[in-house]
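Here the structure comes first, spelled out in structure tokens, and everything after it is commentary.
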Amino acid sequence: MSAENIKNGVGVWIMRTSEHTLPTPEYATAGAAAFDLRANTGDAEIIIPCGKSAAVPTGFAFEIPCGYVGIVCARSGLAAKNGICLSNGI
């Protein structure tokens, strides 16, 4: 797998951890505060029963420089409309 250096002023390294065709996480717009990260489910549909949790693969590994933090957050619209939230509460 190859590593890709995202030029974002911080120097986050992103590596594909499996063979897939998902685009490398990137800023969706010029003023975006974070990368858009997609689920790596292939053609499979993930069904999470009410009250249960599941790990959803991204297909990427990230190397965050010392002094910085990488946080996965739910998109506000997705969380509000569908009740989807992350187990870490962010």
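Because the structure is a prediction, the values reported are computed rather than measured.
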Review point. With hydrophobic residues grouped by side-chain heavy-atom distances under 4.5 Å, do Tyr27 and Tyr68 end up in a single group?
Key: yes
Review point. Minimum heavy-atom separation for Val12 to Pro65, with atom names?
Key: CG2-CD, 4.3 Å
Check your understanding: So, the side chain of Thr17 versus the backbone of Gly59: is there a donor-acceptor pair under 3.5 Å, distance only?
Key -> yes
Revision key, fill the gap. What one should report as the nearest heavy-atom pair of Ala39 and Val56 is CB-CG1, 3.5 Å
Revision key, fill the gap. Closest non-hydrogen contact found for Pro23 with Arg16 is C-NH2, 4.3 Å
Check your understanding: Is His20 reaching over with its side chain to a backbone N or O of Asn40, donor-acceptor style, under 3.5 angstrom?
Key -> no
Review point. To the nearest 0.5 Å, what is the distance between CD (Glu26) and CG (Asp36)?
Key: 8.0 Å
Practice item. Quick one: pull up CG in Leu22 and CG in Leu37 and give me the separation to the nearest 0.5 Å. Key: 8.5 Å
Check your understanding: Can you tell me how far CZ of Phe35 sits from CZ of Phe60, rounded to the nearest 0.5 angstrom?
Key -> 11.0 Å
Study note, to complete from the structure: For Phe62 and Pro25 the tightest heavy-atom approach is CZ-CG, 3.9 Å
Review point. Rounded to the nearest 0.5 Å, how far does CE of Met15 lie from OG1 of Thr24?
Key: 12.5 Å
Check your understanding: Could you state the interatomic distance from OG1 (Thr58) to CD1 (Ile14), rounded to the nearest 0.5 Å?
Key -> 9.5 Å
